[in-house]
Amino acid sequence: MLRRTHTCGELREFHVGQTVTLNGWVNSYRDHGNLIFIDLRDRFGLTQLVFDPDNGILADMMAQADKLRNEDVIGVEGRVRVRIGGENPKLETGKVELVVTKLEIFNKTDNPPFLPDDLTKLPNEELRLTHRYIDLRRPKMQQILQTRSRALMTTREFFHSNGFLEVETPVLYKSTPEGAREFLVPCRNVPGTFYALPQSPQLFKQILMVSGADRYMQICRCFRDEDPRADRQPEFTQIDLEMSFVRREHVMEMMESFVRSFWKSMCGYDVPTIQRMTYRDAMETYGIDRPDTRYDLRTTDLSDLAARTDFKVFKDALAKGADRPRFNSKRGVVKAMRVPGGADKLTRKITDGYSDFVKTFGAGGVAVTKYIKNDKGELALDTGVAKFLEPLKADLVAALGLEPGDTVLFVADAYSVATKAIGELRQQVARDMGLIPKPGAEGGGGGPWNFLWVIDFPMFERNKDTGKWVAMHHPFTAPRDDQRDQFVNADVDDEVAIESIVSAGYDIVLNGSEIAGGSVRIHDKAVQSKVFQLLGLTPEQAKEKFSFLLEALSFGAPPHAGIAFGFDRLIMHLCGTDNIRDVIAFPKTQIGADLMTKAPSQATDAQLKDLHIKSTWEPPAKA
RNA sequence: GGGGCGGUAGCUCAAUUGGUUAGAGUACCGGACUGUCGAUCCGGUGGUUGCGGGUUCGAGUCCCGUCCGCCUCGCCA
């Protein structure tokens, strides 16, 4: 076999005169009859090969070369020379070419369904996923795989050099059916029982703290059987970690150091001190718990002002009940957003579309007005709901800091609905106004990079359907240290008191995307009991579900805290893509299928019998 | 579970109001060509219009169902 001495991205002018061997795929061929050019590709680049009869090439090799087609796999030996036809500045190796003297065809390809080419339009994703091995040959995909590999390396380096112990935890795990739906694995040895695949190694990493691991990290696979999205897969990767003898500040400090070292190493960017925002500020000002702070659009609660208008939509919304008593003790809300310069850019057609847009989040619509000069040349409110607001113009201008040419958008509803709707609307407006920087604009990769800590989350929120309290993060999240006594002593029926308790949780948000989330954990039995009580778990139920953790906590648990990063999302940001499938070598579709291997597939009766299970599924009757 | 978009040659797309033999580029096959570099030029093969029904003299086009892919709401402690 002609084994390579160099890669296809390697040859330069100083190799001229050397005899070298290359291996790779035929990326393109240009056949001039008695002169054939081949661009040979591997992961490292492209090199031009020449089959040139003037250089003593044998006729039968010329005939073989004549048949070479895209994606054939070959080995060639030859002499490096300066290109006779002049440099190709598009290629790293563009100053030289390889005059082939030996050719070995390792594998002729069937005509491929598509070519791994970044220049032409990509075929549809279904085809790319079915023939993933071809799609992955594309230079862009190779680059992503490389970035991902480097990121794994730099992550491990950081944590290993900071005293973290890398420990693997089980994939076959105990089912704890709170939170996300789990994948179940039937157990052959104990009929009728099942393992679950972990949503995260949460409980194991806490146990590891009790075990004296002191600092743990793992780059681990997590599984959640929920419908995927552009940035979600049923199977995904986390950088998971936990630390002993720390409080919130220590974890945040360590993570800031990690993020700084990671971005420095990945794209040479110096992450500045990460600003902090409370959950409440995030919700009030941005309508979302992961604000994109790359642009300065803000939302404002104008309920008091709106109550003074005669606009029925506002009045009705305000009359709605309070669904978040901590934030609004009496009523629904009217939220407003000032859009600087919106009067010109946000056309009637666009703002009409906003009403449909917010309807998808349960809101009734968007009220619009503009602050512009009227016929008399005076600054006035114009169009939409102007007539209701005109009497309050001065107050509105003051409250929002309106400037001429601004548009104001209003969403009125119960707190949760209005907040969510205007938060989503804010992002849509940012897109329409062109406020979102293009990836790579600054700071390398997908920059600019706007990092943000979001802290002081509520411990609990009401489940919309059942009305029961649920843990906002998970049931092992501790209250913020200064809230511990207040929490333990709180009356479980005092809704306002319970919702006011703030947790010691923290998220890292990057450009409007949650890249990490964690918390200080409960290591104190009184606190843990109170949490279970609030969640409606009896001590018996709690014991049944989490006995191993509770037992562990009772045998000498250090104070501990941790966090987990969504690794795939980090890579998405670094690569400036908004599709998580692009940063996963073998991703799944929206129904969790792997189009290449055709998973999932049916099990045989014998397999099912072994596992003591029976499928209730039957093929639909034919009409 | 709901909403939206899409599925036509190997691939990317086109096809007027429902109307002749479903076209183009590219890939592939054959031919020409000694300096190209997304080579060029000439010729050719290639179609269950996702699948199943229905309406119609006639369906890629309209209707119903279904499958697949993408976006999204719900969901994602």
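Proteins get letters first, then strands, A, B, ... in listed order; numbering begins at 1 in each.
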Assess the pair A:F532 and A:F546: is the distance between their ring centroids shorter than 6.0 Å?
yes
Write down the protein N/O and nucleotide N/O pairs, taken from nucleotides 2-7 of chain B, whose separation is under 3.5 Å; answer none if there are no such pairs.
none

Neighbour count >12 (heavy atoms, 6.0 Å) for atom NZ, A:K108
yes
B:U8 and B:U49, which share atom name C1', separated by this distance in whole Å:
4 Å
Is any side-chain N or O of A:Y29 closer than 4.0 Å to OP1 or OP2 of B:C28?
yes
Flag yes if more than 12 heavy atoms outside A:E514 fall under 6.0 Å of its CD atom; otherwise flag no.
yes
It should be established whether A:K121 places a side-chain nitrogen or oxygen under 4.0 Å from OP1 or OP2 of nucleotide B:C11.
no
If you find the nucleotide of RNA chain B closest to A:I591 and the one closest to A:K420, which residue's nucleotide is nearer the 5' end?
A:I591
Rounded to whole Å, how long is the line connecting atom CG of A:D72 with atom P of B:C28?
10 Å
Atom pair distance, as rounded to whole Å: CG in A:L129 and C1' in B:C11
16 Å
Between A:T360 and B:U72, is there a contact of a side-chain N or O with OP1 or OP2 at under 4.0 Å?
no
Closest heavy-atom pair, A:L553 versus A:H560, reported as atoms and distance to 0.1 Å, is CD2-CE1, 4.3 Å
Should we say atom CG of A:N579 is surrounded by more than 12 heavy atoms from elsewhere, each under 6.0 Å from it?
yes
Applying a 4.0 Å non-hydrogen cut-off, can you work out what A:R128 is touching in the nucleic acid: base, sugar-phosphate, or nothing?
nothing
Under 4.0 Å between any heavy atoms, over every strand shown, what does A:L115 touch: base, sugar-phosphate, or nothing? Just pick one.
nothing
Opposite nucleotide pairing with B:A14, Watson-Crick or G-U, both atom distances under 3.5 Å
none
Whom does B:G19 pair with, Watson-Crick or G-U wobble, provided both distances fall under 3.5 Å?
B:C57
Below 4.0 angstrom, N of the basic side chain to O of the carboxylate: do A:R12 and A:E92 qualify?
yes
Over how many whole Å does the gap from A:D227 atom CG to B:C71 atom P extend?
12 Å
Using atom CG of A:L127 as one end and atom C1' of B:A27 as the other, report the distance to the nearest whole Å.
13 Å
Carboxylate-amine/guanidinium proximity below 4.0 Å for A:D240 and A:K205
yes
Please classify the nucleic acid contact of A:S200 as base, sugar-phosphate, or nothing, using heavy-atom distances under 4.0 Å.
base
Does the ring centre of A:H6 sit less than 6.0 Å away from the ring centre of A:H15?
yes
Between B:U61 and B:G44, how many Å separate the two C1' atoms, rounded to a whole number?
31 Å
Using the P atom as the point on both nucleotides, what is the distance between B:G18 and B:G60, in whole Å?
13 Å
Near A:D110 CG, under 6.0 Å, is it more than 12 heavy atoms from other residues, nucleotides or ligands?
no
Can you confirm whether A:F183 is buried at CZ, in the sense that more than 12 heavy atoms of other residues, nucleotides or ligands lie under 6.0 Å from that atom?
yes
In terms of ring plane angle, is the pair A:H131 and A:Y133 parallel, tilted or perpendicular, where the classes change at 30° and 60°?
perpendicular
Counting Watson-Crick and G-U wobble pairs only, both distances under 3.5 Å, name the nucleotide matched with B:G30, or none.
B:C42
When the C1' atoms of B:U66 and B:G7 are considered, how many whole Å apart are they?
14 Å
Let me know the distance between CD of A:Q590 and C1' of B:C73, rounded to the nearest Å.
12 Å
Nucleic acid footprint by protein, nucleotides 30-38 of chain B - heavy-atom cut-off 4.0 Å, B for base, S for sugar-phosphate alone
S--BBBBBB
Is A:N124 close enough to B:U12 that one of its side-chain N or O atoms is under 4.0 Å from OP1 or OP2 there?
yes
Between C1' on B:C28 and NZ on A:K108, what's the gap in Å once rounded to a whole number?
12 Å
Pair assignment for B:U66, Watson-Crick or G-U wobble, requiring both distances under 3.5 Å:
B:G50
Measuring to OP1 and OP2 of B:C71, would you say a side-chain N or O of A:R232 lies under 4.0 angstrom away?
no
A:E125 atom CD is separated from B:U12 atom C1', nearest whole Å, by 16 Å
Please measure how far the P atom in B:A9 lies from the corresponding atom in B:G47, and state the result in whole Å.
10 Å
Does B:C70 have OP1 or OP2 sitting under 4.0 Å from an N or O in the side chain of A:R229?
no
Between B:G43 and B:A27, how far is it from one P atom to the other, in whole Å?
16 Å
Could you check whether A:R462 pairs with A:E499 (Lys NZ or Arg NE/NH1/NH2 to Asp/Glu carboxylate O, under 4.0 Å)?
no
Whole-Å gap separating C1' (B:U72) and CG (A:D356)
14 Å
